[in-house]
Colleague: 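I'd like to ask some things about the structure below.
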Amino acid sequence: MTLATVLLLYIGVEVSFGTFTITYLADESYGGLGLILATQLIAAYWVGMFLGRLLFAKFGHRVNRHGLFTLACLVATMISLTALFEQAAWVGFLLLLVGLCNATLYPIIYAQALQASGKHSSQGAAILIMCSIGGVILPFAQATLIDELSLSTSYIAPVIAYLTMTILYWFSLKKSDKS
């Protein structure tokens, strides 16, 4: 169940970055690139995710996936913190790089969760698929923060999500070691 929560949070940050990076790049107070160019540039985020997943599929067996998970979450956290405290076009381009960080998270979480579910892997897979609802929760929270505070302040939501994901992921590993 812990890894299902991690996956729910992951899907939320994936959708949030795909959504609000456009706003960041387009807004005059931040990136100032205009909506059309910002919308075109968001493709770099999704391409980064695609390329990252291809690279992970090819080379993922050669790396420590737990260390890679932690590194990807921490880099994405640092980029989110940068967006929290800086307002500039270069930060918007930095936000696009989160796609590379996110690329490795899904296969690591999913594989770890299926392994942890053991003989109940079919039920575990069904629960993980249902975690796609996470794509709704975090973007809604971040949009609320934008409405109530500001776009830059809203990046506290992904910061909290990435840190929570890291803690829960390692908690699940320690729990599975005891079993």
Side-chain angles (χ1 to χ4, degrees), residues 1-22 42-83 93-142 154-179:
M1 192 59 139
T2 303
L3 288 168
T5 304
V6 173
L7 186 62
L8 184 129
L9 289 169
Y10 160 75
I11 292 169
V13 294
E14 177 185 288
V15 172
S16 281
F17 272 93
T19 303
F20 298 115
T21 300
I22 294 172
I42 199 62
Y45 170 80
W46 298 109
V47 168
M49 286 195 53
F50 176 74
L51 292 175
R53 291 229 172 110
L54 285 177
L55 289 170
F56 184 79
K58 178 74 174 161
F59 302 109
H61 65 283
R62 295 183 182 175
V63 297
N64 177 326
R65 67 180 187 270
H66 308 312
L68 181 59
F69 179 89
T70 304
L71 178 65
C73 283
L74 292 179
V75 169
T77 298
M78 296 306 293
I79 292 172
S80 298
L81 284 170
T82 302
F93 289 104
L94 199 58
L95 291 170
L96 295 173
L97 294 176
V98 173
L100 284 172
C101 296
N102 285 345
T104 60
L105 297 178
Y106 184 81
I108 292 172
I109 298 165
Y110 202 86
Q112 188 66 31
L114 282 182
Q115 182 180 0
S117 62
K119 65 181 182 177
H120 304 287
S121 61
S122 61
Q123 292 92 343
I127 289 169
L128 295 174
I129 289 168
M130 294 188 43
C131 285
S132 63
I133 193 72
V136 172
I137 297 168
L138 192 66
F140 179 76
Q142 191 168 0
S154 76
Y155 280 92
I156 193 67
V159 167
I160 293 168
Y162 282 116
L163 293 175
T164 303
M165 286 167 50
T166 305
I167 291 165
L168 290 175
Y169 183 82
W170 282 96
F171 175 77
S172 74
L173 290 178
K174 291 191 185 305
K175 193 170 132 182
S176 69
D177 285 346
K178 290 179 182 177
S179 299

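Keep in mind it's a predicted model, so treat the numbers as computed, not measured.
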Colleague: Ser80: which residues meet the side chain to side chain donor-acceptor pair (under 3.5 Å) condition with it, sequence neighbours left out?
Modeller: none
Colleague: Please verify the inter-ring angle class for Tyr155 with Phe17; under 30° counts as parallel, over 60° as perpendicular, anything in between as tilted.
Modeller: tilted
Colleague: To the nearest 0.5 Å, how far apart are OH in Tyr169 and NE2 in His66?
Modeller: 4.5 Å
Colleague: Looking at Ala76 and Cys101, what are the two nearest heavy atoms and their distance?
Modeller: N-SG, 4.0 Å
Colleague: Take Asn102 and Val13, measure what side-chain contact (heavy atoms from CB on, under 4.5 Å) needs, and give me the verdict at the end.
Modeller: CA-CA 8 Å; Asn102 285 345; Val13 294; 4.3 Å; yes
Colleague: Identify, with sequence neighbours excluded, every residue that meets ring-ring contact (aromatic ring centres under 6.0 Å, His included) alongside Tyr45.
Modeller: none
Colleague: Going by ring-ring contact (aromatic ring centres under 6.0 Å, His included), name the residues that satisfy it together with Tyr162, two or more places apart in sequence or in a different chain.
Modeller: none
Colleague: At what distance, to the nearest 0.5 angstrom, does CD of Glu14 lie from CG of Leu7?
Modeller: 9.5 Å
Colleague: Side chains of residues 49-59: which donor-acceptor partners sit under 3.5 Å, not counting sequence neighbours?
Modeller:
| unit_1 | atom_1 | unit_2 | atom_2 | d |
| --- | --- | --- | --- | --- |
| Arg53 | NE | Ala103 | O | 3.0 |
| Arg53 | NH2 | Tyr10 | OH | 2.6 |

Colleague: Say you draw a straight line from CG of Leu163 to CG of Leu168; how long is it, rounded to the nearest 0.5 Å?
Modeller: 11.0 Å
Colleague: Can you name the nearest heavy-atom pair linking Gly18 to Ile42, along with the distance?
Modeller: O-CG1, 3.5 Å
Colleague: Could you please spell out the steps behind the side-chain contact (heavy atoms from CB on, under 4.5 Å) verdict for Leu105 and Met165?
Modeller: CA-CA 10 Å; Leu105 297 178; Met165 286 167 50; 3.8 Å; yes
Colleague: How close do Leu3 and Ile109 get, counting heavy atoms only, and between which atoms?
Modeller: O-CG2, 3.8 Å
Colleague: Main chain of Leu100, side chain of Thr104: is a donor-acceptor contact present, judged purely on distance under 3.5 Å?
Modeller: no
Colleague: With a 4.5 Å heavy-atom cut-off, do Phe69 and Val6 have their side chains touching?
Modeller: yes
Colleague: To the nearest 0.5 Å, what is the distance between SG on Cys73 and CD1 on Ile167?
Modeller: 10.5 Å
Colleague: My understanding is that only residues two or more places apart in sequence, or in another chain, count here; which of them pass ring-ring contact (aromatic ring centres under 6.0 Å, His included) with Phe20?
Modeller: none
Colleague: Got a second to check how far Ile79's CD1 is from Leu97's CG, nearest 0.5 Å?
Modeller: 5.5 Å
Colleague: CG/Leu68 to CD1/Ile108 distance, rounded to the nearest 0.5 angstrom?
Modeller: 4.5 Å
Colleague: Holding to side chain to side chain donor-acceptor pair (under 3.5 Å), I want the full list of residues that pass it with Thr5, two or more places apart in sequence or in another chain.
Modeller: none
